[in-house]
Protein chains: 2
Amino acid sequence: MAAASRPLSKKEIRRENEKLILEAAEKVFAEAGFGGATMQLIADMAGLPKANLHYYFPTKESLYRQVVQAIFQDWLKAADIFDDAPGPVEGISAYIDAKMEISRRHPAGSKVWASEVMHRAPVIQDYLETTLVEWTEGRMAVIQRWIDEGKMDAVDPRHLLYMLWATTQHYADFGHQIETLNGGLPLTDAQWEAAKTSVKTIILNGIGARQNRET
Amino acid sequence: MAAASRPLSKKEIRRENEKLILEAAEKVFAEAGFGGATMQLIADMAGLPKANLHYYFPTKESLYRQVVQAIFQDWLKAADIFDDAPGPVEGISAYIDAKMEISRRHPAGSKVWASEVMHRAPVIQDYLETTLVEWTEGRMAVIQRWIDEGKMDAVDPRHLLYMLWATTQHYADFGHQIETLNGGLPLTDAQWEAAKTSVKTIILNGIGARQNRET
DNA sequence: CTTCTTCCTGACCATACGGTCAGGATATGA
DNA sequence: TCATATCCTGACCGTATGGTCAGGAAGAAG
């Protein structure tokens, strides 16, 4: 059937299988929640026997933990954009674009994250208290600097961040609702562009973001 | 112990117990998700034996369905405000206030709803396709009228609605994250006011909402 | 070729869960 | 007062699930 490649080395096998399992797990956890997900279903989706999952990941929780941690990494990475930007127009635009793209390409991850937080973060509370707190404070400082430099209105940086998270992740977490309201069809390329544009327009206007130098 | 009231009539008993069960169920479903919730836990929280739950609600699913339907009703009701308003400043302000208040007073309901939609709405898909679609189209028409009347910028009404939902519900669904970022403490009255103000300011400025008559 | 380590898996187990039921308690209404 | 309908619940049941394990297959190392 499939193009049988040469036998894989042990390391390759491990890497390959862990990847298969993690990908399947992310989907299943996203669709069913932690409680509703079953190891059997993840195994089927990964195309491996259930016992094999327990060979790589001793418990359901350890598998879940790794899924959530991977998502958290992506989440943070999307924000490096923020720091390098000269002002809110560039920085926030780029951040919205990046997060919207994640919502589009990686909706399962966003859902798992949302579910984890909604359930009071049973497995990544320590990350929230350390990494996320630091990250947030850093970004708030950037926004405050922009305000001090007169590049945008004096809005509360914290609530601006929440709005950015909420609006962008909404397109992943509530994607099903959005699809239903779109006649049951996934958004087209053009519709995604319209969504991005709407979010950027409203938020940038909303905070009175001003270009670095008036044209 | 408790002030023993006179014996309840059968009807009162039924009403009372159903209420107890539904309230407990909403909390448990919100905290654990449908799959993670157990009838035993709901029973304990309601202070009733498990078999009693099955007397009032034959299955876990039927109980869940009623919880979700009740939430959906609230959800829609909050939006009557919209129609009576003369323009976006009043209408959208009031809508944001109302939805923020729901997020604050009724976070469990919002979480159950979010969870249901994230899992592709297994029990209320029909509502999404009928009631929600109609509701959304009605509200989009109102917004479009405001645009046509020059009361706000020509933003995409659909994405504006999504932003309103996303930003307001975020304070319930991600309340735990927000609390963690607030030093582990729930938001104070003043902080809730600041949140409302931020959301309203950014969105109303963002859409260029103009008062009915210039002062 | 031999030994060692890693990978693999069918069969199995204990538990927890949703759901049932028989039979008792309690209100209602004639 | 008695009959009936409703409410209540401890004990029970079948199933599904997370997890285990013994033993085999297969690459790595020498």
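Hydrogens, waters and symmetry mates play no part in the numbers below; they use all other heavy atoms, side chains included. Letters go in sequence order (proteins before strands), and every chain restarts at 1. Treat the numbers as computed from the prediction; the structure is a model and nothing was measured.
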Enquirer: Give a yes/no on whether any side-chain N or O of B:Asn17 is located under 4.0 angstrom from OP1 or OP2 of D:dC8.
Expert: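 True: B:Asn17 side-chain N/O within range (under 4.0 Å) of D:dC8 OP1/OP2.
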Enquirer: Would you indicate which nucleotide in C:dC7, D:dT9, D:dC7 comes nearest to any side-chain atom of B:Tyr55?
Expert: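 The answer is D:dC7.
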Enquirer: Taking all heavy atoms of B:Ala108 and all of B:Glu26, pick out the closest pair and write down the distance.
Expert: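 Looking at all heavy atoms of both residues, the shortest contact is CB-OE2, 3.8 Å.
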Enquirer: Expressed as a whole number of angstroms, how long is the span from B:Glu18:CD to D:dC7:C1'?
Expert: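 After rounding, the reported distance stands at 12 Å.
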Enquirer: At 4.0 Å (heavy atoms only), tell me whether A:Lys60 reaches a base, stays on the sugar-phosphate, or touches nothing.
Expert: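 Answer is sugar-phosphate: A:Lys60 comes under 4.0 Å of backbone atoms only.
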Enquirer: To the nearest angstrom, how far is B:Glu16 atom CD from C:dA27 atom P?
Expert: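 Atom CD in B:Glu16 sits about 15 Å away from atom P in C:dA27.
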Enquirer: Using whole Å, what does the distance between atom C1' of nucleotide C:dT9 and atom CD of A:Gln40 come to?
Expert: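 That distance rounds to 12 Å.
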Enquirer: For A:Glu12 and D:dA26, give me the distance from atom CD to atom P, rounded to whole Å.
Expert: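 Distance check: A:Glu12 CD to D:dA26 P gives 17 Å.
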Enquirer: Between B:Met39 and A:Lys11, name the one whose nearest nucleotide on DNA chain C is closer to the 5' end.
Expert: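 Taking each residue's closest nucleotide, the earlier one in sequence belongs to A:Lys11.
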Enquirer: Rounded to whole angstroms, how far apart are CZ on A:Phe57 and C1' on D:dG18?
Expert: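 Spelled out: CZ on A:Phe57 to C1' on D:dG18 is 16 Å.
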Enquirer: Angle class for the A:Trp192/A:Tyr171 ring planes (parallel below 30°, perpendicular above 60°, tilted otherwise)?
Expert: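 Answer is tilted, since the angle falls between 30° and 60°.
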Enquirer: If you only use heavy atoms from C-beta on, which nucleotide in D:dG18, C:dT9, D:dT9 is closest to the side chain of B:Pro49?
Expert: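 Side chain of B:Pro49 sits closest to D:dT9.
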Enquirer: Should we say atom NZ of A:Lys196 is surrounded by more than 12 heavy atoms from elsewhere, each under 6.0 Å from it?
Expert: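 Counting other residues, nucleotides and ligands, NZ of A:Lys196 exceeds 12 neighbours.
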Enquirer: Is the phosphate of C:dC7, meaning OP1 or OP2, less than 4.0 Å from a side-chain N or O of A:Arg14?
Expert: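 The answer is yes; a side-chain N or O of A:Arg14 sits under 4.0 Å from OP1 or OP2.
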Enquirer: Can you say whether the rings of A:Phe82 and A:Trp146 are parallel (under 30°), tilted (30 to 60°) or perpendicular (over 60°)?
Expert: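 Plane angle under 30°, so parallel.
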Enquirer: Would you indicate what A:Ala37 reaches in the nucleic acid, counting non-hydrogen atoms under 4.0 angstrom: base, sugar-phosphate, or nothing?
Expert: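 Touches sugar-phosphate only.
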Enquirer: Using whole Å, what does the distance between atom P of nucleotide D:dA25 and atom CG of A:Asn52 come to?
Expert: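 Distance, rounded to whole Å: 16 Å.
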Enquirer: The side chain of B:Ala51 lies closest to which of these nucleotides: D:dG10, D:dC8, D:dG18?
Expert: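 That would be D:dG10.
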Enquirer: With a 4.0 Å cut-off on heavy atoms, is A:Tyr56 in touch with a base, just the backbone sugar-phosphate, or nothing at all?
Expert: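 Result for A:Tyr56 = sugar-phosphate.
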Enquirer: I want to verify a distance call: between D:dT9, C:dG19, C:dT9, whose nearest atom is closest to the B:Thr59 side chain?
Expert: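 Closest of the options to the side chain of B:Thr59: C:dG19.
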Enquirer: D:dA25 P sits how many Å from A:Leu48 CG, rounded?
Expert: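 The answer, rounded to whole Å, is 19 Å.
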Enquirer: Between C:dA11 atom P and A:His54 atom NE2, what is the distance in whole Å?
Expert: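 Interatomic distance, NE2 of A:His54 to P of C:dA11: 18 Å.
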Enquirer: Between C:dC8, C:dG19, D:dT9, which one does the side chain of B:Lys50 approach most closely?
Expert: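 It is C:dG19.
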Enquirer: Looking only at N and O atoms, is any donor in the side chain of A:Lys10 or the base of C:dT6 less than 3.5 Å from an acceptor on the other one?
Expert: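 It does, because a donor-acceptor pair links the side chain of A:Lys10 to the base of C:dT6 below 3.5 Å.
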Enquirer: So, for B:Trp165 and B:Trp113, is the gap between ring centers shorter than 6.0 Å?
Expert: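 Aromatic pair excluded; centres sit 6.0 Å or further apart.
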